[in-house]
Structures are given as C-alpha cells and as structure tokens.
Amino acid sequence: MPRGGDAPLFRQIYAQLRAAILAQEAFAAASDPNRFPAQLAFVKPWRATRLVWNTSPFFSSNRNLPFDPTGLTTLEAGGYNPLLGKAYTEIAAASLSMHKSQGVGSPPRRGARKEYFKLLSGEPMTNALFDGVDTNWSRVADSESIAAKIRQIISEFDPADPAASVAGLLELRQALSGVKDEAWIPEKKAELDQIIAERKLHPPREIDFDDAP
C-alpha cells in the first residue's frame with residue numbers, strides 16, 4: 001500500500017482499474033437477458049461488436065520496456081479540421097487541460113498521431129477499429145427514403161447560402177416522423193432541429209448527420 005501523499009494517487013489509479021474491469025463486465029451483461037430482467041421493460045438486450053483497449057507506447061516506456069505494436073489496430077488521430085481551424089490533437093489537448101481537479105494538462109500539438117487498440121472481447125478487427133460495424137441507415141427499418149434525402153441535401157448544400165437547405169431539412173424532419181424507431185429517430189430529430197436553427201441564423205458548420213444513424 002502507498003504511504004502518505006501517495007494515497008490519493010493510489011485511489012485514482014485503483015478507480016481507473018476498477019472502471020476497466022466494470023467495462024468488461026458490462027460488455028457481457030448488456031446482451032444477457034437474464035442479468036437485469038426488470039430493465040427489459042424499458043430497454044432490450046444489446047451486444048456491442050467489440051470491446052477494445054486504447055493502449056499506448058507510454059505504458060511500455062513507463063516500465064522501461066520496448067513497445068511492440070504487433071497485433072494491435074492503429075488509427076491515425078492527427079488529422080486537421082479546416083472548418084474548425086484546429087487539429088484533432090489540439091482539441092484533445094484542450095479537453096485534457098480542462099481536467100482541473102486532476103491537475104493535468106497538455107500543450108497543443110499538430111502532426112501525425114497514432115492511436116493503438118487491443119481487442120479485449122468481441123469480434124476481431126482485420127483492418128480498422130470499426131470493421132464489421134454497420135453505421136448506415138440500413139440498420140433502421142423503412143429508412144431508405146431517409147438515407148436518399150440526406151444524400152440529396154448534402155450534395156446540394158451551398159456554403160454561401162446555408163439557408164437554402166432549410167426547406168429540404170424540414171422535409172427530412174417530416175419524413176423522420178414517419179419512421180417507427182425509438183432508438184435513433186428521437187436523437188436524430190433533435191440533431192436535425194439544431195442544424196435547421198443554425199442554417200437559419202449562422203454560417204455553416206461541420207454536420208455530423210451524414211448518411212448514418
């Protein structure tokens with residue numbers, strides 16, 4: 001056990017380790033209808049495709065060991081967002097620096113940044129983190145017209161005149177109301193309402209609505 005001033009650090013590390021253990025238990029429990037049957041009156045069992053650990057060379061260097069990425073899936077996270085005028089690594093640094101209660105921070109950086117992922121449970125990855133994960137509207141029944149309308153709005157979008165998209169967005173909202181899905185539709189309608197408001201009042205921003213739930 002740590003002594004004196006080390007105790008708060010130990011409690012923080014222990015809490016993080018416990019959270020990792022609970023994540024693996026939750027991954028299995030979410031798809032088991034016998035674990036929490038009383039909750040099935042409100043939700044349905046669901047199994048995520050996979051559970052991964054976002055590992056890092058830091059964990060090896062901190063123990064004076066060489067980092068071996070063999071068998072790990074990589075993701076380039078150092079891209080630049082021209083609409084925001086920032087690199088994703090800069091956004092991440094700003095987020096980390098807001099952890100004021102932990103007294104941590106990070107200087108903003110630009111450039112390549114590889115993230116490494118190790119499979120803990122679920123389906124293996126072949127090439128990418130989201131291998132085999134369906135992110136299209138095909139997951140939602142009777143949504144073919146929704147997907148087509150979204151593609152049309154995106155293809156016709158004019159950055160110089162964002163308000164011109166409002167009519168199509170309102171048609172899309174009406175079409176969403178005709179789809180019976182309690183999981184995605186309420187969330188997407190809320191996002192759509194925000195996009196419509198911004199098209200009326202502000203210059204365009206990056207839209208994370210895409211052709212997917």
Side-chain angles (χ1 to χ4, degrees), residues 22-52 54 73 75-77 79 81-84 88 91 115 117 119-213:
L22 288 174
Q24 297 186 69
E25 294 179 359
F27 179 83
S31 61
D32 185 351
N34 299 315
R35 287 293 296 272
F36 305 103
Q39 296 186 10
L40 298 184
F42 310 98
V43 296
K44 297 178 181 179
W46 178 76
R47 181 175 177 81
T49 303
R50 63 181 59 92
L51 179 67
V52 299
N54 183 193
T73 297
L75 175 71
E76 176 53 55
N81 189 312
L83 293 178
L84 297 177
Y88 294 112
I91 298 172
E115 295 291 337
F117 298 89
L119 180 71
L120 298 180
S121 188
E123 299 178 12
M125 297 170 283
T126 303
N127 300 306
L129 184 61
F130 289 96
D131 278 351
V133 178
D134 183 7
T135 60
N136 294 315
W137 275 94
S138 57
R139 290 189 294 173
V140 180
D142 302 320
S143 63
E144 295 82 2
S145 62
I146 302 294
K149 187 64 178 177
I150 293 173
R151 287 193 294 268
Q152 178 186 355
I153 293 171
I154 292 175
S155 66
E156 296 177 353
F157 178 70
D158 181 4
D161 186 16
S165 298
V166 171
L169 292 170
L170 290 173
E171 293 175 2
L172 174 60
R173 194 184 192 288
Q174 184 176 3
L176 284 172
S177 299
V179 177
K180 296 180 179 180
D181 182 273
E182 297 179 356
W184 287 112
I185 297 303
E187 177 181 337
K188 293 304 169 183
K189 286 177 70 175
E191 293 177 1
L192 182 56
D193 288 342
Q194 181 65 30
I195 292 172
I196 292 172
E198 293 187 0
R199 295 290 78 75
K200 290 180 178 179
L201 300 175
H202 303 291
R205 69 170 175 85
E206 185 179 25
I207 301 175
D208 188 22
F209 200 70
D210 211 342
D211 186 15

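The figures that follow rest on heavy atoms only: side chains count, while hydrogens, waters and symmetry mates do not.
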Where [X] and [Y] come nearest, the two heavy atoms and their spacing:
{"X": "Phe36", "Y": "Ala29", "result": "CE1-CB, 4.1 Å"}
{"X": "Phe157", "Y": "Pro159", "result": "O-CD, 3.7 Å"}
{"X": "Ile153", "Y": "Gly168", "result": "CD1-O, 3.5 Å"}

Does a side-chain heavy-atom distance below 4.5 Å link [X] with [Y]?
{"X": "Val140", "Y": "Ile146", "value": "no"}
{"X": "Arg50", "Y": "Phe117", "value": "no"}
{"X": "Val52", "Y": "Met125", "value": "yes"}
{"X": "Arg151", "Y": "Ile154", "value": "no"}

[X] [atom1] to [Y] [atom2] distance, which is reported to the nearest 0.5 Å:
{"X": "Glu25", "Y": "Arg35", "atom1": "CD", "atom2": "CZ", "value": "7.0 Å"}
{"X": "Ile195", "Y": "Lys188", "atom1": "CD1", "atom2": "NZ", "value": "8.5 Å"}
{"X": "Leu176", "Y": "Ile150", "atom1": "CG", "atom2": "CD1", "value": "7.0 Å"}
{"X": "Asn54", "Y": "Leu129", "atom1": "CG", "atom2": "CG", "value": "9.0 Å"}

task = Could you list all the side chain to side chain donor-acceptor pair (under 3.5 Å) pairs where at least one residue sits in residues 165-182, not counting sequence neighbours?
result =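 Sorted result for residues 165-182: Lys149-Glu171, Arg173-Asp193, Ser177-Lys189.
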
request  = Apply the side-chain contact (heavy atoms from CB on, under 4.5 Å) test between Asp131 and each candidate in Thr73, Thr49, Thr126; give the one that qualifies.
outcome  =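 The option that passes is Thr126.
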
query = Can you tell me if CG on Asp161 sees more than 12 non-hydrogen neighbours from other groups inside 6.0 Å?
reply =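 Yes, because the 6.0 Å sphere around CG of Asp161 holds more than 12 heavy atoms from other groups.
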
task = Apply side-chain contact (heavy atoms from CB on, under 4.5 Å) to Leu51 and list each qualifying residue two or more places apart in sequence or on a separate chain.
result =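 Partners of Leu51 by the side-chain contact (heavy atoms from CB on, under 4.5 Å) criterion, ordered by chain and then number, come out as Gln24, Phe27, Leu120, Ser121.
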
